[in-house]
Amino acid sequence: MTKRTKEILALLDEKYSREYKCYLNHETAWQLLIATILSAQCTDARVNIVTKDLFQKYDSIEKFANAELSKLEQDIKTTGFYHNKAKNIILCCRKLLDEYQGEVPRTIEELTSLAGVGRKTANVIRGNIYHEPSIVVDTHVKRISKRLGFTKEEDPEKIEYELMKVLPKEHWILYNIQIITFGRNICYARSPKCEECFMQKYCTEYKGINRKHQGKNEE
DNA sequence: CTCCCGATAT
DNA sequence: ATATCAGGAG
């Protein structure tokens, strides 16, 4: 690990909690799995609003597996992409029952074989439920890892492997949640709060005081 | 690469 | 009006 990387991780540890706190409300592994499927291109705040009622109405994997598609679509509608998500959740839960005895599997291969579950969702489960070191590359991790100069890749899977080489294993899970918090509070995709950012020194896009991020319409 | 898609901030 | 939000499948 380079000195620069060590300093960035120290700054994150200093600013944000070192304890892992998931932003998607859940009580069980299968609830986190469904919440994460719903979180695609949707804010975690919106997902939590939906799952609050959803997990009372559907209080088991069986309920989701036997759900009526059009009903479930309406129940998750406000998360967007609701046709795909509803269909995937039903298929996913049926497979959990048919092939995994209702247990959420542990490996990337098994997890990504479930409908609606890609690498990002699989890594959320592995990190959060099974406490396996894993890099979750979501929109925040992608954007901010590029700004911090950890990667220049566009493909989330390539970014995942690159971050594995750069970051020590003990920080993999922590990095994910700290970067999301950083992205929510300061390092926005649009109009990030660069002037009050504690990461200025390490940002490849910071242009200096009184300048907009990425240098559009300057001077 | 395209499509899926509602809610919110700018 | 447009960009963005804890992406995934065909």
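Only a predicted model underlies this, so the values are computations on that prediction, with no experimental measurement involved. Every chain is numbered from 1 and lettered A, B, ... according to where its sequence line falls, protein lines coming before strand lines.
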Pick base, sugar-phosphate or nothing for A/Thr121, based on heavy-atom distances below 4.0 Å to the nucleic acid. sugar-phosphate
Please give, in whole Å, the distance from C/dG8 P to A/His83 NE2? 20 Å
Between C/dA9 and B/dA7, how far is it from one C1' atom to the other, in whole Å? 23 Å
Check: C/dA3 base within 3.5 Å donor-acceptor of A/Arg190 side chain: yes
Span that lies between the C1' atom of B/dC1 and that of C/dA6, in whole angstrom: 24 Å
Nucleotide C/dC5, atom P - distance to OH of A/Tyr23 in whole Å: 15 Å
How long is the line joining CG of A/Asn48 and P of B/dA7, in whole Å? 17 Å
What integer distance in Å separates A/Tyr82:OH from C/dA9:P? 20 Å
Tell me the closest heavy-atom pair linking A/Phe64 and A/Cys93, and the distance in Å. CB-SG, 3.6 Å
Result for 5'-nearest mapping on DNA chain C, choosing between A/Ala189 and A/Leu114, is A/Ala189
Under 4.0 Å from OP1 or OP2 of C/dG8: is there any side-chain N or O of A/Arg119 that close? no
Base, sugar-phosphate or nothing for A/Val117? Non-hydrogen atoms, less than 4.0 Å. sugar-phosphate
Most 5' of A/Asn84 and A/Tyr188 on DNA chain B, judged by nearest nucleotide: A/Asn84
Identify whether a stacking contact exists between A/Phe81 and B/dC4, where the ring centres must be under 5.5 Å apart and the planes under 30° apart. yes
Between A/Lys63 and A/Asp59 (salt bridge meaning N to carboxylate O under 4.0 Å), is one present in this structure? yes
Say whether A/Thr36 and A/Ser39, considering side chains only, have a donor N or O and an acceptor N or O under 3.5 Å apart. no
Atom pair distance, as rounded to whole Å: CG in A/Asn88 and P in B/dC5: 11 Å
Using the rule that two of Ile, Leu, Val, Met, Phe, Trp, Tyr join whenever any of their side-chain heavy atoms come within less than 4.5 Å, decide whether A/Ile37 and A/Val137 are in one cluster. no
May I ask you to say whether A/Lys87 pairs ionically with A/Glu73, meaning some side-chain N is under 4.0 Å from a carboxylate O? no
Is it true that the side chains of A/Glu110 and A/Thr107 contain a donor and an acceptor less than 3.5 Å apart? yes
Output the single nucleotide from B/dT10, B/dC5, C/dA6 whose closest atom is nearest the side chain of A/Ile177. C/dA6
Ignoring the backbone of A/Arg143, work out which of C/dA6, C/dC5, B/dC4 is nearest its side chain. C/dC5
Where the side chain of A/Arg46 is concerned, which of C/dC5, B/dA7, C/dG8 is the nearest nucleotide? B/dA7
How many whole angstroms separate atom NZ of A/Lys87 from atom C1' of B/dC3? 12 Å
Atom-to-atom span, CG of A/Leu38 to P of C/dC5 - whole angstrom: 18 Å
Could you tell me whether the phosphate oxygens of C/dA6, OP1 or OP2, come under 4.0 Å of any side-chain nitrogen or oxygen in A/Thr139? no
What integer distance in Å separates A/Ile173:CD1 from C/dA6:C1'? 15 Å
